[in-house]
Amino acid sequence: MQVPLYQAKAEFFRMLGHPVRIRVLELLQHGPVPVRDLLADIEIEPSSLSQQLAVLRRSGIVVSIREGSTVRYALAGGDVAELLRAARRILTELLAGQNELLAELRQTDGAAPAVPAGSGRMPVGARLAHTAVPSEVRGRDKE
């Protein structure tokens, strides 16, 4: 029985769903790269990189090229690079939309204080919105 196309696509995107694999694909966009350079750029254990490269190789999305004692990896085709560019465009649009919404919220809310990007901290109001309220407290507003 043939796998439905939507299932094959889901499996393909699941295969891409690891940050190291995405980073490897980004680094390979400009041509073959030796494993030692991938290790230097990604800064992970060699065994971890080897596992991620094996997943990409088995899927057919990358190929390995042995030149003497050096192993280089390359994209199997240009469509992968185009997919990464499309993902970048989509993320750019999404983030731009979020920034516009944030600016609008700040204008209407009296300019909530900004939190430095990457600080891992949420503004107090956002933390309160994500805090669970005990059921006995929720019931009080009905009185």
Peer 1: Do you reckon Phe12 sits in the same ILVMFWY cluster as Ile90, going by side-chain contacts under 4.5 Å, direct or chained?
Peer 2: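 Not linked; separate clusters.
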Peer 1: Please name the residue in the list Ser50, Pro46, Pro34 that meets the side-chain contact (heavy atoms from CB on, under 4.5 Å) test with Leu39.
Peer 2: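 Output: one option passes, namely Pro46.
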Peer 1: Do you know which two heavy atoms are closest between Val63 and Ala76, and how far apart they sit?
Peer 2: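 In this case the closest contact between Val63 and Ala76 is CG1-CB, 4.2 Å.
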Peer 1: Same cluster or not: Met15 versus Leu53, using hydrophobic residues (I, L, V, M, F, W, Y) connected whenever any side-chain heavy atoms lie under 4.5 Å apart?
Peer 2: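 Shared cluster, yes.
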Peer 1: Does atom CG (Asn99) have a neighbourhood of more than 12 heavy atoms from anything else shown, all under 6.0 Å?
Peer 2: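 Check passes, neighbour count above 12.
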Peer 1: What distance do Glu104 atom CD and Thr108 atom OG1 have between them, rounded to the nearest 0.5 Å?
Peer 2: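 One finds 6.5 Å between CD of Glu104 and OG1 of Thr108.
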Peer 1: When you compare the side chain of Arg72 with that of Ser64, does any pair of heavy atoms fall below 4.5 Å?
Peer 2: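 Contact flag for Ser64/Arg72 side chains = no.
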Peer 1: Are the side chains of Val33 and Tyr73 in touch, meaning some heavy atoms are under 4.5 Å apart?
Peer 2: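 They are not in contact (no side-chain heavy atoms under 4.5 Å apart), so the answer is no.
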Peer 1: Is Val35 reachable from Ile61 through a run of hydrophobic residues whose side-chain heavy atoms are each under 4.5 Å from the next?
Peer 2: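 Both belong to a single hydrophobic cluster.
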Peer 1: Between Arg23 and Ile42, is there a donor-acceptor pair closer than 3.5 Å when you use the side chain of the first and the backbone of the second?
Peer 2: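 Answer holds: no.
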Peer 1: If the threshold is 4.0 Å, N to carboxylate O, is there a salt bridge linking Arg88 and Glu82?
Peer 2: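 Result for this pair is no, no salt bridge flagged.
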Peer 1: Check whether more than 12 heavy atoms from other residues, nucleotides or ligands sit under 6.0 Å from atom CD of Glu67, and answer yes or no.
Peer 2: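 Buried by this count: over 12 neighbours within 6.0 Å.
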Peer 1: Rounded to the nearest 0.5 Å, what's the gap from CG on Asp41 to CG on Leu49? Could you check?
Peer 2: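 Going from CG on Asp41 over to CG on Leu49, the span is 10.5 Å.
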Peer 1: CZ/Arg89 to CG/Leu94 distance, rounded to the nearest 0.5 angstrom?
Peer 2: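 Going from the CZ atom of Arg89 to the CG atom of Leu94 covers 13.0 Å.
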Peer 1: Decide whether Val20 and Leu16 are clustered together by the hydrophobic rule: side chain heavy atoms of Ile, Leu, Val, Met, Phe, Trp, Tyr closer than 4.5 Å, transitively.
Peer 2: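 Linked, Val20 and Leu16 end up in one cluster.
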Peer 1: Should Leu25 and Leu91 be regarded as members of a common hydrophobic cluster, given that ILVMFWY residues are connected when their side-chain heavy atoms come within less than 4.5 Å of each other, either directly or indirectly?
Peer 2: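 No, no single cluster joins them.
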Peer 1: State whether the side chain of Ser48 and the backbone N or O of Ile44 hold a donor-acceptor pair below 3.5 Å, judged by distance alone.
Peer 2: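 Answer holds: no.
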Peer 1: Would you find a donor on one side and an acceptor on the other, under 3.5 Å apart, between the side chain of Gln29 and the backbone of Glu26?
Peer 2: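 Side chain of Gln29 to backbone of Glu26, a donor-acceptor pair under 3.5 Å: yes, one is there.
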Peer 1: Rounded to the nearest 0.5 Å, what separates atom CZ in Arg14 from atom OG in Ser59?
Peer 2: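 Separation between the atoms: 13.5 Å.
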Peer 1: Would one find more than 12 heavy atoms of other residues, nucleotides or ligands at under 6.0 Å from atom CD of Glu45?
Peer 2: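 Not more than 12 within 6.0 Å, no.
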Peer 1: Considering all heavy atoms of both residues, which atom of Ala74 and which atom of Ile65 are nearest to each other, and what is their separation?
Peer 2: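 It is CB-CD1, 4.0 Å.
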Peer 1: What's the spacing between Glu43 CD and Leu38 CG if we round to 0.5 Å?
Peer 2: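 Glu43 atom CD to Leu38 atom CG measures 12.5 Å (nearest 0.5 Å).
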